[in-house]
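Presented below is the structure to which this report refers.
Model, not experiment: these values are computed from the prediction. Proteins come first, then strands; the chains are lettered A, B, ... in the order of their sequence lines, and each starts at number 1.
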Protein chains: 2
Amino acid sequence: MTEQLSTAEENYIKSIYHLQQAESIVSTNEVAARLNTKAASVTDMLKRLNNKHVINYEKYKGVSLSVEGEKIAIDIIRKHRLWEYFLVEKLQFKWDEVHEIAEELEHITSKQLIERLDNFLGYPKFDPHGDPIPDSKGHIQFQEQISLIDLTIDQPATVSAVVGSQSSELLELLTHKNIGIGTRIVVKRKFSFDNSLEIETNDNSKFTISKELAMALFVK
Amino acid sequence: MTEQLSTAEENYIKSIYHLQQAESIVSTNEVAARLNTKAASVTDMLKRLNNKHVINYEKYKGVSLSVEGEKIAIDIIRKHRLWEYFLVEKLQFKWDEVHEIAEELEHITSKQLIERLDNFLGYPKFDPHGDPIPDSKGHIQFQEQISLIDLTIDQPATVSAVVGSQSSELLELLTHKNIGIGTRIVVKRKFSFDNSLEIETNDNSKFTISKELAMALFVK
DNA sequence: TAAATAATTTAGATTCGCCTAAATTTTATT
DNA sequence: AATAAAATTTAGGCGAATCTAAATTATTTA
């Protein structure tokens with residue numbers, strides 16, 4: 001289909017994909033900020049990617065992925081998230097240690113490799129951060145994720161993502177409270193004074209968490 | 001210690017290492033042939049690597065690895081062979097399918113990753129082709145390997161390498177006879193007429209193999 | 001050993017991916 | 001709407017890694 005892309009090209013495509021989640025048209029400066037590079041370098045690359053038909057780009061008009069480009073982006077994301085899953089589940093890395101390594105592994109080209117890895121891992125649907133892993137056809141299982149703060153009382157749910165998962169302070173708190181991706185939670189009471197929640201988890205323990213923490217936890 | 005090396009630089013170092021197994025001083029043309037590149041490109045790179053002190057190089061005098069360079073080479077080979085082991089043992093690849101993929105994986109930089117992978121795999125000593133895997137300190141367990149054709153009668157041994165393992169004809173024959181790396185073999189008789197051998201394997205089957213096959217099998 | 005041949009290096013280009021500085025276009029503000 | 005500010009692109013350059021063609025050095029052979 002498409003010829004081999006360089007690592008740099010793949011990183012641009014991935015960035016544009018992620019930026020497009022917020023707004024369908026992405027600016028040169030946004031891409032530059034995300035990739036820690038200069039706007040002039042981005043313009044250069046956009047011209048090249050445009051020639052390869054993986055993006056739609058017009059001078060001064062911003063950029064978006066073509067259908068082809070979106071396929072490529074999803075494929076890279078699939079690889080990234082499968083490797084993250086592997087690193088956490090098989091090699092015992094913590095979920096906040098795997099991103100950098102997966103950034104490298106996601107550029108390994110073998111199609112066979114990723115299919116077999118997927119099989120070896122048991123076709124996981126979500127990565128260690130709770131983000132969905134696209135399947136081999138590029139289908140992404142989108143899911144309603146709501147903040148724990150908005151969860152109905154007595155409605156069981158599973159922690160599927162943590163916003164700001166890069167913060168070690170947050171990680172410390174979660175470790176202490178024994179909460180992670182996959183933890184089952186039921187909200188038992190809501191205290192309107194400070195918006196804190198009384199919750200019950202997996203291990204039958206019942207305790208209160210702050211508004212701040214509840215807002216950082218997403219469940220499905 | 002040393003700054004980050006590019007993939008290209010690492011590949012040059014690895015090539016020089018392997019070529020040095022045959023002769024301690026390696027020529028520009030030998031490197032060029034091994035890397036499918038031109039002699040002029042090699043000269044360029046040798047100058048660069050020389051400046052980084054990972055090789056010993058003098059114009060027209062050939063090249064050899066410095067102590068530092070050899071460490072780097074062994075580290076890359078360790079990564080390559082561990083990944084090959086992973087691909088065969090965990091992802092069910094055949095041993096003749098993994099080289100290319102490992103060529104990419106060997107350049108992933110994380111030290112932690114490779115140590116954890118090693119642990120996950122159970123600290124294997126030999127890769128699927130029977131080549132030794134250097135340990136985390138760079139020690140390589142060298143082993144006497146002899147051709148099966150030279151093995152003493154009634155002396156049990158284990159298949160540790162196959163020469164010409166890239167040939168699919170050979171692979172076909174080995175699959176049919178159910179012989180692979182790790183197969184235990186005892187030579188029961190030698191027939192001087194055609195130098196064929198009667199052997200007994202793991203699974204208690206007894207059969208004859210040709211001189212050609214015996215010469216391709218190495219045991220320890 | 002002198003000439004022929006082979007190996008290696010140098011010179012000069014090219015592409016990729018990046019940079020800075022200057023020019024241009026778009027957007028926001030008065 | 002005119003001008004100021006912000007965003008973007010162009011121009012020109014640089015280092016890495018490669019190439020071809022020409023020059024140089026080493027080796028082989030007659």
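A search for side chain to side chain contact (heavy atoms under 4.5 Å, CB included) contacts involving A/Lys177 returns A/Leu173, A/Ile179, A/Phe207, A/Ile209, A/Leu213, not counting sequence neighbours. Annotation: side chain to side chain contact (heavy atoms under 4.5 Å, CB included) contacts of A/Asp194 (sequence neighbours excluded): A/Phe191, A/Ser196. The side chain to side chain contact (heavy atoms under 4.5 Å, CB included) check on A/Ala157 picks up A/Leu151, A/Val219, with sequence neighbours excluded. Contacts of A/Gln141 classified as side chain to side chain contact (heavy atoms under 4.5 Å, CB included), with partners at least two apart in sequence or in another chain: A/Lys125, A/Phe126.
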Distances under 3.5 Å only, N/O to N/O: pair up the protein atoms with those of nucleotides 19-23 of chain D.
{"from": "D/dC19", "atom 1": "OP2", "to": "B/Thr37", "atom 2": "OG1", "distance (Å)": "3.1"}
{"from": "D/dC19", "atom 1": "OP2", "to": "B/Lys38", "atom 2": "N", "distance (Å)": "3.1"}
{"from": "D/dC19", "atom 1": "OP2", "to": "B/Ser41", "atom 2": "OG", "distance (Å)": "2.4"}
{"from": "D/dT20", "atom 1": "OP2", "to": "B/Lys38", "atom 2": "NZ", "distance (Å)": "3.1"}

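Distance, B/Tyr57 OH to C/dA7 P: 16 Å, rounded to whole Å. Between the P atom of D/dA16 and the CD atom of B/Gln4 lies a distance of 14 Å, rounded to the nearest Å. Rounded to whole Å, the distance from CD on A/Glu9 to P on C/dT15 is 15 Å. Atom NZ of B/Lys47 and atom C1' of D/dG15 are 15 Å apart (whole Å). In this structure, the NZ atom of B/Lys59 is 13 Å from the C1' atom of C/dA11, given to the nearest Å. In this structure, A/Glu58 places its CD atom 20 Å from P of C/dT24, rounding to the nearest Å. At whole-Å resolution of the value, CG in B/Leu49 and C1' in D/dT18 are 15 Å apart.
Remark: side-chain polar atoms of A/Ser147 are paired, donor with acceptor, to backbone N or O of A/Ala214 under 3.5 angstrom.
Residue pairs that meet the salt bridge (Lys or Arg N to Asp or Glu O under 4.0 Å) test with at least one member in residues 210-220 of chain B, sequence neighbours left out, do not exist here. Applying the salt bridge (Lys or Arg N to Asp or Glu O under 4.0 Å) rule to pairs touching residues 98-112 of chain B yields B/Lys14-B/Glu103, B/Lys14-B/Glu106, B/Asp75-B/Lys111, sequence neighbours excluded. Sequence neighbours left out, not one pair with a member in residues 26-44 of chain B passes salt bridge (Lys or Arg N to Asp or Glu O under 4.0 Å).
An angle of 10°, rounded to 10°, separates the two end axes of the helix from C/dT1-D/dA30 to C/dT30-D/dA1, each defined over five pairs.
A/Lys61 comes within 4.0 angstrom of no nucleic acid atom, judged by non-hydrogen atoms across all strands.
If you check residues 11-33 of chain A against DNA chain D, the residues with a heavy atom closer than 4.0 Å are A/Ser27, A/Thr28, A/Asn29, listed by number.
Dashed line: the shortest gap from a side-chain N or O of A/Arg48 to OP1 or OP2 of C/dG17 is under 4.0 Å.
The salt bridge (Lys or Arg N to Asp or Glu O under 4.0 Å) test with B/Glu9 singles out one residue from B/Lys47, B/Arg48, B/Lys52, and that residue is B/Lys52.
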Would you mind writing out the side-chain donor-acceptor pairs for residues 130-140 of chain B within the sub-3.5 Å range, not counting sequence neighbours?
{"from": "B/Asp135", "atom 1": "OD1", "to": "B/Lys137", "atom 2": "N", "distance (Å)": "2.8"}
{"from": "B/Asp135", "atom 1": "OD1", "to": "B/Gly138", "atom 2": "N", "distance (Å)": "3.0"}
{"from": "B/Asp135", "atom 1": "OD1", "to": "B/His139", "atom 2": "N", "distance (Å)": "3.0"}

Expected list for residues 84-94 of chain A: side-chain donor-acceptor pairs under 3.5 angstrom, two or more places apart:
{"from": "A/Glu84", "atom 1": "OE1", "to": "A/His129", "atom 2": "ND1", "distance (Å)": "2.9"}
{"from": "A/Glu84", "atom 1": "OE2", "to": "A/His80", "atom 2": "NE2", "distance (Å)": "2.9"}

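The residue among A/Ala8 and B/Leu46 whose nearest nucleotide of DNA chain C lies closer to the 5′ end is B/Leu46.
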